[in-house]
Amino acid sequence: MTTYESIAILTGAGLSAESGLSTFRDKGGIWSKYRIEDVATPEAFARDPRTVLDFYNMRRRRVLDTRPNAGHEALARLEAGFPGTVTTITQNVDPLHERAGTRNLIHMHGEILKALCMHCGTRRRWEVDITVDVTCGACGRTGGLRPDVVWFGEMPYEMDRISEVLEICDLFLSIGTSGNVYPAAGFAARALAAGAHTVELNLEPSKQNDLFAEAVHGKASEVVPDYVDRLLGG
């Protein structure tokens, strides 16, 4: 296999699905049961904060005891064993990459186990339910605490850093993502334009399959460890 110096990895909900966390856009996924406009926008929170908080409280409880699968563990092994740089950019708000051991990680859509105060901007670790009457420990104001996740209509986190990673990577892996949601849906094209070798590891071909020089389709717990073994020479 070609020798690479800088690997950029984009992961999506399909990677965490085998750990028991629902995907979003697949048949039976989260957005088939809830309207985005009701639970995942700033306007929804302003209009009906209890409904929004209840939705994320439910999701937070589900991730508390969820364990990483072989796909997460393989990516952590790649980061630890690769002689160059490995940067994982995840669209997932769950903590499974960290639990597997990944350290060079960008949560572009935030983290479900953190809370953000809309009054003062303070972020902190948060593992229990958020309610409308919770007071921010930093500013003392009530009613502004929300999950530290990026809602539709908001700018994803660390886009400048992500742009830098995409510009210098010579291998780009897209894992478990549908390629439907921007700006992440544009990352493969940007990496390709910068000269990277592009690879899709997904359950089935995404809508962007023409952007990938390689594609391996199957369960993340199988195809990701196999590909990592190839990269590490195992």
Side-chain angles (χ1 to χ4, degrees), residues 1-17 21 23-27 29-31 36 40-41 71-72 74-76 78-79 82 84-94 96-97 102 104-111 149-220 222-228 230-231:
M1 178 173 282
T2 304
T3 300
Y4 301 103
E5 296 182 358
S6 178
I7 302 175
I9 304 169
L10 174 66
T11 67
L15 179 61
S16 294
L21 299 180
T23 58
F24 288 87
R25 297 178 181 274
D26 293 336
K27 184 178 179 180
I30 290 173
W31 299 140
I36 290 171
T41 67
H72 296 101
L75 294 181
L78 176 62
E79 181 185 279
F82 184 69
T85 302
V86 178
T87 305
T88 300
I89 306 160
T90 188
Q91 300 172 85
N92 300 335
V93 299
D94 64 60
L96 299 186
H97 278 299
T102 293
N104 191 22
L105 177 66
I106 300 172
H107 271 284
M108 66 176 292
H109 290 161
E111 300 176 59
V149 300
V150 175
W151 287 329
F152 287 86
E154 296 181 328
M155 179 63 68
Y157 296 160
E158 299 197 61
M159 289 303 297
D160 288 344
R161 182 182 168 199
I162 290 171
S163 293
E164 293 173 0
V165 170
L166 296 175
E167 285 295 322
I168 66 171
C169 72
D170 48 14
L171 174 62
F172 175 83
L173 306 180
S174 177
I175 301 174
T177 180
S178 64
N180 284 324
V181 179
Y182 284 86
F187 291 176
R190 291 176 62 183
L192 183 63
H197 181 69
T198 54
V199 180
E200 176 175 77
L201 305 175
N202 208 17
L203 188 61
E204 57 189 22
S206 71
K207 292 185 177 181
Q208 299 185 322
N209 60 320
D210 58 323
L211 294 174
F212 297 102
E214 282 186 75
V216 183
H217 299 125
K219 296 171 62 176
E222 298 173 357
V223 299
V224 176
D226 286 348
Y227 199 84
V228 167
R230 291 171 57 192
L231 288 173

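Separating the CD1 atom in I175 from the NE2 atom in H72 is a distance of 9.5 Å, to the nearest 0.5 Å. In this structure, the separation between OH on Y227 and CG on L201 is 7.0 Å, given to the nearest 0.5 Å. Atom CE of residue M108 and atom CE of residue M155 lie 9.5 Å apart, to the nearest 0.5 angstrom. Within the model, atoms CG of L96 and OG1 of T11 stand 9.5 Å from one another, a figure rounded to the nearest 0.5 Å. Here the CG-NZ distance, from N180 to K207, works out to 4.5 Å after rounding to the nearest 0.5 Å. F212 contributes atom CZ, which lies 9.0 Å from atom CG of L192 (distance to the nearest 0.5 angstrom).
Between E200 and N209, the shortest heavy-atom distance links the atoms OE1-CB, 4.4 Å. Here the closest heavy-atom approach between residue Y4 and residue F82 is recorded as O-CZ, 3.1 Å. Of all the heavy atoms in L211 and A188, the pair that sits closest is CD1-CB, 4.1 Å. Across S206 and S178, no two heavy atoms sit closer than the pair CB-O, 3.4 Å. In plain terms, the two heavy atoms of A220 and G14 that are nearest each other are CB-O, 4.4 Å. Residues L10 and A184 approach most closely at CD2-O, 3.7 Å, considering heavy atoms.
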Test side-chain contact (heavy atoms from CB on, under 4.5 Å) applied to I9 and L78, step by step: CA-CA 11 Å; I9 304 169; L78 176 62; 4.0 Å; yes
task: Before giving the answer on side-chain contact (heavy atoms from CB on, under 4.5 Å), spell out for L75 and L15 the whole-Å C-alpha distance, their side-chain angles and the decisive distance to 0.1 Å.
output: CA-CA 11 Å; L75 294 181; L15 179 61; 4.1 Å; yes
task: Mind running side-chain contact (heavy atoms from CB on, under 4.5 Å) on L171 and L231 for me, showing each step along the way?
output: CA-CA 11 Å; L171 174 62; L231 288 173; 3.7 Å; yes
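By the 4.5 Å heavy-atom criterion applied to side chains, Y157 and I106 are not counted as neighbours. D226 has its side chain out of reach of V216: every pair of non-hydrogen atoms, C-beta onward, lies at least 4.5 Å apart. Residues I168 and T85 are not in side-chain contact: their nearest non-hydrogen atoms beyond the backbone lie 4.5 Å or more apart.
Residues that satisfy the side chain to side chain donor-acceptor pair (under 3.5 Å) test with H109, not counting sequence neighbours, are absent from this structure. Residues meeting the side chain to side chain donor-acceptor pair (under 3.5 Å) test with T177, sequence neighbours left out: Q91. Under the side chain to side chain donor-acceptor pair (under 3.5 Å) criterion, T88 pairs with no residue, sequence neighbours left out. Residues forming a salt bridge (Lys or Arg N to Asp or Glu O under 4.0 Å) with E158 (at least two apart in sequence, or on another chain): R161. Not counting sequence neighbours, H107 has no partner by the ring-ring contact (aromatic ring centres under 6.0 Å, His included) test. The side chain to side chain donor-acceptor pair (under 3.5 Å) check on Q208 picks up nothing, with sequence neighbours excluded.
In this model, no donor atom of one side chain and acceptor atom of the other lie less than 3.5 Å apart for S6 and D170.
In this structure a side-chain-to-backbone donor-acceptor pair under 3.5 Å is present from T198 to A213. In this structure a side-chain-to-backbone donor-acceptor pair under 3.5 Å is missing from E222 to K219. Not a single donor-acceptor pair under 3.5 Å links the side chain of N202 to the backbone N or O of H217.
Results of the side-chain contact (heavy atoms from CB on, under 4.5 Å) test with E79 over L105, V228, N104 single out N104 as the only residue that passes.
E154 CD: more than 12 foreign heavy atoms inside a 6.0 Å radius.
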